[in-house]
Amino acid sequence: SWGDSLTYGLRLEDAHTRTRDVNGAKQQVSELSPLPSVSYLGHLSADTDWRLGLARTLRRPELRELSPTITSDSGTLAKPDTAGNADLSPESIWGADLGVDHFLYDQRGLLSANLFYREFDDKIENVLSQQSNSRWLSSPENTGSGQASGLELEARLPLDSLGLPQLTLWSNGTAVHTRLKSEATGETRRFLDHPDYLFNAGADYYLASLQTTFGVNYNWNSGYTQD
(Lines give C-alpha, C1' and ligand atoms only; values in the text may rest on other atoms or scores of the structure.)
Protein backbone atom coordinates (compact mmCIF):
# COMPACT_ATOMS: atom_id res chain seq x y z
CA SER A 1 0.00 0.00 0.00
CA TRP A 2 1.10 3.58 -0.68
CA GLY A 3 -0.92 5.10 2.13
CA ASP A 4 -4.57 5.19 1.02
CA SER A 5 -6.63 7.63 3.07
CA LEU A 6 -10.25 8.43 3.92
CA THR A 7 -11.15 11.95 5.04
CA TYR A 8 -14.55 13.10 6.21
CA GLY A 9 -15.98 16.06 8.02
CA LEU A 10 -18.96 18.26 8.78
CA ARG A 11 -18.97 22.06 8.73
CA LEU A 12 -21.81 24.09 10.19
CA GLU A 13 -22.30 27.49 8.58
CA ASP A 14 -24.40 30.02 10.49
CA ALA A 15 -25.22 33.08 8.37
CA HIS A 16 -27.21 36.23 9.10
CA THR A 17 -28.09 38.67 6.33
CA ARG A 18 -29.77 42.06 6.70
CA THR A 19 -30.81 44.28 3.80
CA ARG A 20 -32.64 47.62 3.49
CA ASP A 21 -33.92 49.17 0.27
CA VAL A 22 -34.09 52.84 -0.72
CA ASN A 23 -37.57 53.10 0.83
CA GLY A 24 -36.25 51.90 4.18
CA ALA A 25 -37.87 48.45 4.06
CA LYS A 26 -35.74 45.97 6.00
CA GLN A 27 -35.29 42.25 5.57
CA GLN A 28 -33.38 39.81 7.74
CA VAL A 29 -32.58 36.15 7.07
CA SER A 30 -30.81 33.72 9.41
CA GLU A 31 -29.82 30.21 8.37
CA LEU A 32 -27.82 27.32 9.84
CA SER A 33 -26.52 24.98 7.14
CA PRO A 34 -24.79 21.60 7.62
CA LEU A 35 -22.09 20.98 4.97
CA PRO A 36 -20.81 17.38 5.04
CA SER A 37 -17.91 16.06 2.96
CA VAL A 38 -16.10 12.76 2.45
CA SER A 39 -13.14 11.94 0.20
CA TYR A 40 -11.03 8.86 -0.50
CA LEU A 41 -7.51 8.87 -1.93
CA GLY A 42 -6.17 5.58 -3.31
CA HIS A 43 -2.96 4.62 -5.09
CA LEU A 44 -2.70 2.55 -8.26
CA SER A 45 1.10 2.81 -8.23
CA ALA A 46 3.83 4.97 -6.68
CA ASP A 47 3.12 7.69 -9.27
CA THR A 48 -0.61 7.23 -9.92
CA ASP A 49 -3.46 8.15 -7.56
CA TRP A 50 -7.20 7.88 -7.82
CA ARG A 51 -9.67 9.89 -5.79
CA LEU A 52 -13.36 9.94 -5.01
CA GLY A 53 -15.16 12.80 -3.28
CA LEU A 54 -18.65 13.80 -2.22
CA ALA A 55 -19.52 17.14 -0.63
CA ARG A 56 -22.26 19.70 -0.11
CA THR A 57 -21.39 23.36 -0.59
CA LEU A 58 -23.27 26.66 -0.60
CA ARG A 59 -22.84 29.67 -2.86
CA ARG A 60 -24.19 32.59 -0.92
CA PRO A 61 -25.25 35.72 -2.81
CA GLU A 62 -22.72 38.54 -2.89
CA LEU A 63 -23.74 41.83 -1.30
CA ARG A 64 -24.23 43.46 -4.71
CA GLU A 65 -26.60 40.60 -5.65
CA LEU A 66 -28.73 41.36 -2.59
CA SER A 67 -28.87 45.15 -2.94
CA PRO A 68 -32.15 46.21 -4.61
CA THR A 69 -30.62 49.48 -5.80
CA ILE A 70 -30.93 49.87 -9.59
CA THR A 71 -27.74 50.82 -11.44
CA SER A 72 -28.58 52.49 -14.74
CA ASP A 73 -26.91 51.59 -18.01
CA SER A 74 -28.38 51.87 -21.51
CA GLY A 75 -31.48 49.92 -20.48
CA THR A 76 -31.24 47.79 -23.64
CA LEU A 77 -31.00 44.02 -24.08
CA ALA A 78 -27.27 44.37 -24.78
CA LYS A 79 -26.63 46.75 -21.88
CA PRO A 80 -29.47 46.41 -19.38
CA ASP A 81 -29.81 48.21 -16.09
CA THR A 82 -28.84 46.03 -13.13
CA ALA A 83 -30.24 45.47 -9.66
CA GLY A 84 -29.89 42.98 -6.83
CA ASN A 85 -32.59 40.87 -5.21
CA ALA A 86 -33.04 40.89 -1.44
CA ASP A 87 -35.14 37.69 -1.65
CA LEU A 88 -32.28 35.56 -2.99
CA SER A 89 -31.60 32.25 -1.24
CA PRO A 90 -28.16 30.60 -1.18
CA GLU A 91 -27.43 28.19 -4.01
CA SER A 92 -27.11 24.65 -2.59
CA ILE A 93 -24.79 22.24 -4.42
CA TRP A 94 -24.15 18.52 -3.91
CA GLY A 95 -21.03 17.47 -5.78
CA ALA A 96 -19.35 14.17 -6.65
CA ASP A 97 -15.90 13.76 -8.26
CA LEU A 98 -13.95 10.75 -9.53
CA GLY A 99 -10.42 11.40 -10.75
CA VAL A 100 -7.06 9.89 -11.65
CA ASP A 101 -3.70 11.70 -11.34
CA HIS A 102 -0.42 10.45 -12.81
CA PHE A 103 2.70 12.31 -11.67
CA LEU A 104 5.90 12.82 -13.69
CA TYR A 105 9.37 14.21 -13.03
CA ASP A 106 9.31 13.87 -9.23
CA GLN A 107 5.71 15.17 -9.12
CA ARG A 108 6.55 18.37 -11.00
CA GLY A 109 4.62 17.03 -13.99
CA LEU A 110 1.02 15.83 -14.05
CA LEU A 111 -1.54 14.09 -16.25
CA SER A 112 -5.00 14.25 -14.71
CA ALA A 113 -8.60 13.35 -15.59
CA ASN A 114 -11.65 14.10 -13.47
CA LEU A 115 -15.33 13.23 -13.91
CA PHE A 116 -17.72 15.47 -11.99
CA TYR A 117 -21.42 15.75 -11.23
CA ARG A 118 -23.21 18.64 -9.50
CA GLU A 119 -26.80 18.80 -8.25
CA PHE A 120 -28.13 22.35 -7.74
CA ASP A 121 -31.06 23.67 -5.74
CA ASP A 122 -32.09 27.34 -5.88
CA LYS A 123 -29.68 27.97 -8.77
CA ILE A 124 -28.76 31.66 -8.98
CA GLU A 125 -28.83 33.17 -12.47
CA ASN A 126 -29.08 36.69 -13.87
CA VAL A 127 -32.47 37.06 -15.54
CA LEU A 128 -33.53 39.78 -18.00
CA SER A 129 -36.95 41.42 -17.72
CA GLN A 130 -38.57 44.42 -19.39
CA GLN A 131 -39.85 47.02 -16.97
CA SER A 132 -42.97 49.19 -17.23
CA ASN A 133 -40.80 52.03 -18.59
CA SER A 134 -39.69 49.69 -21.44
CA ARG A 135 -36.13 49.52 -20.09
CA TRP A 136 -34.47 46.12 -19.67
CA LEU A 137 -33.28 45.06 -16.22
CA SER A 138 -30.89 42.26 -15.26
CA SER A 139 -31.24 40.89 -11.74
CA PRO A 140 -30.31 37.63 -10.01
CA GLU A 141 -33.03 35.09 -9.25
CA ASN A 142 -33.30 31.58 -7.83
CA THR A 143 -34.43 30.02 -11.11
CA GLY A 144 -34.83 26.35 -10.16
CA SER A 145 -33.08 23.02 -9.69
CA GLY A 146 -30.54 21.59 -12.09
CA GLN A 147 -27.56 19.39 -12.81
CA ALA A 148 -24.12 19.81 -14.32
CA SER A 149 -21.82 16.97 -15.34
CA GLY A 150 -18.65 16.74 -17.31
CA LEU A 151 -14.99 15.91 -17.74
CA GLU A 152 -11.89 17.89 -16.79
CA LEU A 153 -8.44 17.13 -18.25
CA GLU A 154 -5.17 18.67 -17.08
CA ALA A 155 -1.54 18.30 -18.14
CA ARG A 156 1.63 19.88 -16.75
CA LEU A 157 4.93 18.94 -18.39
CA PRO A 158 8.41 20.23 -17.45
CA LEU A 159 10.71 20.06 -20.47
CA ASP A 160 13.46 18.09 -18.72
CA SER A 161 13.84 15.78 -21.72
CA LEU A 162 14.83 18.78 -23.85
CA GLY A 163 17.30 20.06 -21.28
CA LEU A 164 14.94 22.84 -20.18
CA PRO A 165 13.80 21.86 -16.67
CA GLN A 166 13.04 25.49 -15.86
CA LEU A 167 10.35 25.62 -18.60
CA THR A 168 6.95 24.02 -17.97
CA LEU A 169 4.09 23.69 -20.44
CA TRP A 170 0.58 23.28 -19.06
CA SER A 171 -2.99 23.02 -20.27
CA ASN A 172 -6.44 22.17 -18.99
CA GLY A 173 -9.83 21.70 -20.58
CA THR A 174 -13.40 21.18 -19.42
CA ALA A 175 -16.47 19.82 -21.19
CA VAL A 176 -19.72 20.32 -19.28
CA HIS A 177 -23.38 19.51 -19.86
CA THR A 178 -26.00 21.46 -17.88
CA ARG A 179 -29.75 21.13 -17.39
CA LEU A 180 -32.15 23.21 -15.29
CA LYS A 181 -35.88 22.92 -14.57
CA SER A 182 -37.18 26.48 -14.49
CA GLU A 183 -39.54 27.24 -11.60
CA ALA A 184 -41.03 30.18 -13.52
CA THR A 185 -41.92 28.41 -16.78
CA GLY A 186 -41.54 24.68 -16.10
CA GLU A 187 -39.23 24.34 -19.11
CA THR A 188 -36.02 22.33 -19.06
CA ARG A 189 -33.04 24.22 -20.48
CA ARG A 190 -29.31 24.78 -20.13
CA PHE A 191 -27.85 27.05 -17.49
CA LEU A 192 -27.89 30.66 -18.63
CA ASP A 193 -24.59 32.11 -19.92
CA HIS A 194 -22.61 28.91 -19.30
CA PRO A 195 -20.21 27.70 -22.03
CA ASP A 196 -20.07 23.98 -22.92
CA TYR A 197 -16.30 23.90 -23.40
CA LEU A 198 -13.35 25.75 -21.82
CA PHE A 199 -9.65 25.46 -22.62
CA ASN A 200 -6.55 27.07 -21.12
CA ALA A 201 -2.91 26.62 -22.07
CA GLY A 202 0.34 28.28 -21.18
CA ALA A 203 4.02 28.14 -20.36
CA ASP A 204 5.89 29.03 -17.17
CA TYR A 205 9.61 29.83 -17.02
CA TYR A 206 11.42 29.82 -13.70
CA LEU A 207 14.32 32.28 -13.53
CA ALA A 208 16.48 31.01 -10.68
CA SER A 209 18.63 34.15 -10.43
CA LEU A 210 15.52 36.17 -9.49
CA GLN A 211 13.63 33.29 -7.86
CA THR A 212 10.70 34.35 -10.02
CA THR A 213 8.39 32.57 -12.48
CA PHE A 214 7.30 34.28 -15.70
CA GLY A 215 4.36 32.95 -17.66
CA VAL A 216 2.12 33.35 -20.68
CA ASN A 217 -1.33 31.84 -21.13
CA TYR A 218 -4.18 31.47 -23.60
CA ASN A 219 -7.87 31.13 -22.68
CA TRP A 220 -10.76 29.99 -24.89
CA ASN A 221 -14.40 29.10 -24.34
CA SER A 222 -17.04 27.89 -26.76
CA GLY A 223 -19.45 30.73 -26.11
CA TYR A 224 -23.08 30.04 -25.30
CA THR A 225 -26.17 28.96 -27.21
CA GLN A 226 -29.59 28.26 -25.69
CA ASP A 227 -31.78 25.42 -26.89
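Between N142 and K123, the closest side-chain pair of non-hydrogen atoms is not below 4.5 Å. The closest side-chain heavy-atom distance from S222 to P195 is below 4.5 Å. In this structure, the side chains of L52 and D97 stay at 4.5 Å or more apart for every pair of heavy atoms. At least one side-chain heavy atom of L98 sits under 4.5 Å from a side-chain heavy atom of W50. Considering only heavy atoms from C-beta on, I93 comes within 4.5 Å of R118 through its side chain. Residues R56 and S92 meet the side-chain proximity criterion, which asks for heavy atoms closer than 4.5 Å. H43 places none of its side-chain heavy atoms less than 4.5 Å from the side chain of S45. A 4.5 Å side-chain heavy-atom check between H102 and D47 finds at least one atom pair inside the cut-off.
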| query | Could you go step by step and tell me if T168 and L157 meet the side chain to side chain contact (heavy atoms under 4.5 Å, CB included) rule? | reply | CA-CA 5 Å; T168 299; L157 183 64; 5.8 Å; no

| task | Go through S138 and N126 one step at a time and tell me if the side chain to side chain donor-acceptor pair (under 3.5 Å) criterion holds. | result | CA-CA 6 Å; S138 175; N126 288 320; 4.6 Å; no

| task | Could you walk me through whether L41 and D4 pass side chain to side chain contact (heavy atoms under 4.5 Å, CB included), step by step? | result | CA-CA 6 Å; L41 176 64; D4 295 2; over 6 Å; no

| request: Would you check, one step at a time, whether the test side chain to side chain contact (heavy atoms under 4.5 Å, CB included) holds for R59 with I124? | output: CA-CA 9 Å; R59 186 178 86 79; I124 297 175; 3.2 Å; yes

| request: Apply side chain to side chain contact (heavy atoms under 4.5 Å, CB included) to T7 and Y40, showing your working. | output: CA-CA 6 Å; T7 305; Y40 183 83; over 6 Å; no

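Connection of W170 to Y218 is not established within any shared hydrophobic cluster, with ILVMFWY side chains joined at heavy-atom distances below 4.5 Å, either directly or through further cluster members. One hydrophobic cluster, built from ILVMFWY side chains closer than 4.5 Å, cannot hold both W94 and L12; they sit in different ones. One hydrophobic cluster, built from ILVMFWY side chains closer than 4.5 Å, cannot hold both F103 and V100; they sit in different ones. Linking ILVMFWY side-chain heavy atoms closer than 4.5 Å, directly or via other members, places L153 and L115 in a single hydrophobic cluster. When hydrophobic clusters are built by joining Ile, Leu, Val, Met, Phe, Trp and Tyr residues whose side-chain heavy atoms come closer than 4.5 Å, directly or via intermediates, L169 is grouped together with L207.
Residues D204 and G215 share a closest heavy-atom pair of OD1-CA, 3.6 Å. Nearest heavy atom pair, residue D160 against residue P165, reads OD1-CA, 3.6 Å. Closest non-hydrogen pair, L54 versus A96, comes out as CD1-CB, 4.2 Å. Minimum heavy-atom separation, P90 to D122: O-CB, 3.6 Å. The two residues A148 and V176 come nearest to each other via the heavy atoms CB-CG2, 4.2 Å. The heavy-atom pair separating P158 from G109 by the smallest distance is CD-CA, 3.6 Å.
Between the side chains of E125 and T143, a donor-acceptor pair is found at a separation under 3.5 Å. Side-chain atoms of H194 and T178 include no donor-acceptor pair closer than 3.5 Å. In this structure, a donor-acceptor pair under 3.5 Å is absent between the side chains of S139 and N85. Side-chain N/O atoms of R51 and N114 include a donor and acceptor closer than 3.5 Å. Side-chain contact of D101 with S112: a donor-acceptor pair under 3.5 Å is present, judged by distance alone.
Around atom CD of Q211, no more than 12 heavy atoms belonging to other residues, nucleotides or ligands sit under 6.0 Å away. The environment of CG in D106 is sparse: at most 12 heavy-atom neighbours from other residues, nucleotides or ligands sit within 6.0 Å.
Distance check, rounded to the nearest 0.5 Å: CG of N219 to CG of N200 gives 4.5 Å. Here the CD-CG distance, from E154 to N172, works out to 5.5 Å after rounding to the nearest 0.5 Å. Residue S145 holds its OG atom at 11.0 Å from CZ of F120, rounded to the nearest 0.5 Å. Atom-to-atom distance recorded for R60:CZ and S33:OG is 4.5 Å, nearest 0.5 angstrom. Between the CG atom of L137 and the CG atom of L128 there is a distance of 8.0 Å, given to the nearest 0.5 Å. Separating the CD atom in Q130 from the CG atom in L77 is a distance of 7.5 Å, to the nearest 0.5 Å.
Between E187 and K181, none of the side-chain N atoms (NZ, or NE/NH1/NH2) sits under 4.0 Å from a carboxylate O, so this pair counts as no salt bridge. By the 4.0 Å N-to-carboxylate-O rule, D81 lies close enough to R135 to be salt-bridged with it.
Between Y206 and F214, a ring centre-to-centre spacing not shorter than 6.0 Å is recorded. For Y197 and W220, the gap between ring centers reaches or exceeds 6.0 Å.
Here the rule is side chain to side chain donor-acceptor pair (under 3.5 Å) with Q147, and of H177, R179, E119 only E119 fits it.
Between the side chain of T69 and the backbone N or O of S67, no donor-acceptor pair lies under 3.5 Å.
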